[in-house]
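Only one structure is covered here, and it is reproduced in the block below.
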Amino acid sequence: MPLPELSPVLSEAEIKNRVSALARQISADYQDEPLVVIGVLKGAFVFMADLVRSLTIPVEIDFIKASSYGTSDTSSGEVRLSEALETDLKDRHVLIVEDILDTGQTIERLTASIARYRPRSIRVCVCIDKKERRKTDFEADYICFSVDKGFLVGYGLDYAEQYRYLPAIFALKNSTSEEAK
Ligand code: 5GP
Ligand code: MG
């Protein structure tokens, strides 16, 4: 099966500049407060790596894995979480780093799940905010980019496990955001 064509959405330079600005803001907001940054695998791995390297405050790092399952074209709220957190989150400030906020169901499940560890605070940082299909009231605390629509790949984001390695962000051509997740 041939791979779909891609059209550029965000360049490496645009991403780099915006990630640096966001990292400055996060560093200023937490300052001397100890922070645990939790990346959501797999999609957030590239964004997370760039973001934490631009922070000017010390942080601890952990990961959680979330995968949607079921039919291909909706996120359906059925999110499988594999929690292998090794960090004690009790009374710590937590920043969840997610690739895309779309309907909002994944991140709602994730924050509820993290809240059970009784952290001091939970905030959410997303690389891409897509408001078009939002089904919840969820708002991220830190947003790198807002994108209207389209199915995005690259910079950690996949389409059927392809394209995660691309250094910039592209949209699948001839596709709506209803494409496989
Ligand atoms: P939500 O539960 O907010 O609808 O789903 C969010 C998840 O769906 C994201 O973490 C991401 O894994 C996936 N997703 C949503 N939109 C896109 C997209 O445009 N491209 C890719 N690769 N994944 C997406
Ligand atoms: Mg995801």
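One-based numbering, in listed order, for ligands and for the atoms of each.
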Atoms of ligand 1 less than 4.0 Å from [X] heavy atoms?
X: G150; value: 19 (O)
X: L157; value: 22 (N)
X: T103; value: 1 (P), 2 (O), 3 (O), 4 (O)
X: D158; value: 21 (C), 22 (N)
X: Q105; value: 2 (O), 3 (O)
X: T106; value: 1 (P), 2 (O), 5 (O), 6 (C)
X: K130; value: 16 (N), 17 (C), 18 (C), 19 (O)
X: E98; value: 10 (O)

Quiz prompt | Check ion pair R134-D129 (N to O, under 4.0 angstrom) | solution =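 So R134 pairs with D129 through a salt bridge.
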Would a distance-only check, ignoring hydrogens and angles, find a side-chain to backbone donor-acceptor pair under 3.5 Å from [X] to [Y]?
X: D158; Y: G43; result: no
X: S27; Y: T56; result: yes
X: R164; Y: G156; result: yes

Quiz item: Going by atom types only, do D88 and Y117 share a side-chain donor-acceptor pair under 3.5 Å?
Solution: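 No donor-acceptor contact under 3.5 Å links the two side chains.
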Compute the minimum heavy-atom distance from [X] to ligand 1 and say whether it is under 4.0 Å.
X: G104; value: yes
X: A171; value: no
X: V153; value: no
X: F151; value: yes

Exercise. Have a look at Y159 and tell me which of L6, V153, L152 forms a side chain to side chain contact (heavy atoms under 4.5 Å, CB included) with it.
Key: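 Option passing the side chain to side chain contact (heavy atoms under 4.5 Å, CB included) with Y159: V153.
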Quiz prompt | Partner of F47 under side chain to side chain contact (heavy atoms under 4.5 Å, CB included), chosen from D99, V40, L22, I128 | solution =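 Passing option: L22.
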Self-check item: Side chain, backbone, both or neither: the part of I107 lying under 4.0 Å from ligand 1 by heavy atom
Solution: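 Neither part.
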Quiz prompt | Under-4.0 Å heavy-atom contact with ligand 1, by part of R133 that carries it | solution =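 None of R133 does.
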Quiz item: Is there side-chain contact between V59 and I57, with at least one heavy-atom pair below 4.5 Å?
Solution: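 Contact flag for V59/I57 side chains = yes.
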Practice problem: State whether Y30 and R123 meet the cation-pi test: NZ (Lys) or CZ (Arg) under 6.0 Å from the six-membered ring centroid, and within 45° of the perpendicular axis. | Solution: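 Yes, a cation-pi geometry.
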Quiz prompt | Test of proximity, D99 against ligand 1: N or O pairs below 3.5 Å | solution =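 Right, the criterion is met.
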